[in-house]
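Atoms within each ligand, like the ligands themselves, are counted from 1 in listed order. Basis for what follows: all heavy atoms, side chains included, without hydrogens, waters or symmetry-related copies.
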Amino acid sequence: MKTRFTEAFGIEHPIVQGGMQWVGRAELVAAIANAGALGHITALTQPTPDDLGQEIARCRALTDKPFGVNLTILPTITPPPYREYAQVIIDCGVEFVETAGHNPGEYIEMFKPHGIKVIHKATTVRHALKAQSLGVDAVSIDGLDCAGHPGEDDVPGLVLIPAAADKLEIPIIASGGFADARGLIAALALGADAINMGTRFMCTVESPIHENVKQRIVEADERQTDLIFRTLHNTARVARNAISQEVMEIEKRGGSFEDVRDLVSGARGAKVYELGDLDAGIWTAGICQGLIHDIPTCGELIETIMTDADQLIAERLSKIAGYAVVN
Ligand code: NAD
């Protein structure tokens with residue numbers, strides 16, 4: 001498949017793995033790169049900028065294909081030295097960066113002179129347009145359906161993606177709710193040039209998280225997520241568990257961030273992925289878990305999606321349209 005994304009980024013398949021706190025590590029990113037898609041190491045999963053440098057080196061040892069780094073700027077309990085992380089990305093010669101969360105302007109200014117291609121993840125058309133005006137190479141547009149932070153506008157991908165496509169000139173990566181070939185074909189029809197998948201990649205053999213989390217994603221359906229931090233204007237879609245329900249209760253009673261801070265800390269959430277205790281803290285999953293029924297390797301997953309996509313066009317869409325697809 002050739003799209004504006006595959007052409008401009010030199011990536012074989014129109015599939016991206018964006019930032020995932022505690023999950024976007026070298027083994028997953030390298031497996032995705034080796035399968036012909038674009039993976040991103042999540043910068044803030046590494047405790048220091050030096051550790052990020054080592055993780056990038058570890059990824060290089062596992063793949064000779066290009067990959068990227070995600071740098072997310074959102075409210076945090078302990079603000080990280082973002083510029084130092086950005087400098088490591090530059091010093092290590094990383095080819096792609098995914099920025100997310102906040103205006104990426106000052107980081108684009110750092111990355112661009114080094115020829116780094118930047119994807120900015122935006123949850124609204126106006127933020128996507130702003131990112132385009134700042135010179136990013138693509139926008140990943142993230143609807144309400146996504147895991148993690150969907151913003152506060154509550155517009156699902158079915159409307160947000162074509163609304164973005166109507167206004168933007170640069171390639172668009174559709175993000176939120178994508179887990180299979182049906183999503184890919186739908187995204188292309190909506191005007192996107194690629195899809196971003198998070199939860200689907202969490203549930204692969206190479207994903208560096210506890211097996212219990214992967215099994216839970218397979219067992220869960222599309223209803224078992226919660227939107228926490230609504231009252232704090234930092235909404236996050238997370239897997240429903242005892243902690244997410246407790247946080248929702250505290251928010252309902254009018255609690256502040258201080259009242260939930262210990263429950264929601266990332267350090268606590270990391271234990272879920274490490275130890276497999278699903279109620280140890282907050283962990284992230286999207287509603288597309290309802291479409292996930294297996295734990296394939298990244299290679300198998302990407303091959304299945306691309307083969308199913310061809311079949312979907314040749315066997316279903318062409319019949320509906322009443323013509324034969326000629327390769
Ligand atoms: P953390 O322990 O600092 O915070 C835990 C959660 O509380 C995060 O969702 C954070 O956004 C939220 N939070 C912190 N302070 C807040 C405040 N004052 N008001 C409202 N909400 C607040 O976070 P962490 O787990 O160590 O993650 C580090 C950063 O990466 C956070 O900003 C987090 O949001 C972000 N993140 C990144 C990704 C990614 O894919 N790159 C995914 C999820 C979260």
Donor-acceptor contact present, side-chain [X] to main-chain [Y], <3.5 Å:
X	Y	answer
Gln17	Ile32	no
Glu98	Gly68	no
Ser140	Lys121	no

For this session: Determine the interplanar angle of the Phe96 and Phe9 rings, folded into 0 to 90°, and report it as parallel if under 30°, tilted if 30 to 60°, perpendicular if over 60°.
Result: parallel
For this session: Identify whether Phe178 and Met1 are in the same connected component of the hydrophobic contact network (ILVMFWY, side-chain heavy atoms under 4.5 Å).
Result: yes
For this session: Spell out, yes or no, whether Ile173 and Leu144 are grouped together once hydrophobic residues are joined by side-chain heavy atoms under 4.5 Å, including indirect joins.
Result: no
Exercise. Judged by non-hydrogen atoms, does His149 sit under 4.0 Å from ligand 1?
Worked result: yes
For this session: Could you tell me if any non-hydrogen atom of Ala236 lies under 4.0 Å from any atom of ligand 1?
Result: no
For ligand 1, does [X] get within less than 4.0 Å through its side chain, its backbone, both, or neither, judged by non-hydrogen atoms?
X	result
Asn234	side chain
Leu74	both
Gln21	both

Closest non-hydrogen protein atom to [atom], residue and atom name please, with distance?
atom	answer
atom 5 (C) of ligand 1	Val264 O, 3.4 Å
atom 30 (O) of ligand 1	Leu44 CD1, 3.8 Å
atom 10 (C) of ligand 1	Pro75 O, 3.2 Å
atom 3 (O) of ligand 1	Ile77 N, 2.7 Å
atom 22 (C) of ligand 1	Phe257 CE1, 3.3 Å
atom 32 (O) of ligand 1	Thr76 CG2, 2.9 Å

Show which atoms of ligand 1 fall inside a sub-4.0 Å distance from at least one heavy-atom site of [X].
X	result
Ser265	2 (O)
Gly19	39 (C), 40 (O)
Thr42	41 (N)

Exercise. For Phe229 and ligand 1, does the shortest N/O to N/O distance drop below 3.5 Å?
Worked result: no
Exercise. Does an N or O anywhere in Ala267 fall below 3.5 Å from an N or O of ligand 1?
Worked result: no
Drop me the distance from [X]'s [atom1] to [Y]'s [atom2], to the nearest 0.5 angstrom.
X	Y	atom1	atom2	result
Met306	Ile15	CE	CD1	5.5 Å
Ile292	Arg200	CD1	CZ	5.0 Å
Phe201	Cys298	CZ	SG	5.5 Å

Problem set entry | Ionic contact status for Arg126 with Asp153, cut-off 4.0 Å | yes
Exercise. Using 4.0 Å as the upper bound for N to carboxylate O, is an ion pair formed by Asp137 and Arg4?
Worked result: no
Seminar exercise, completed: If you compare Gly281, Gly266, Ala270 by their heavy atoms, the one closest to atom 2 (O) of ligand 1 turns out to be Gly266
Exercise. Any idea which of Thr72, Thr231, Leu71 brings a heavy atom closest to atom 36 (N) of ligand 1?
Worked result: Thr72
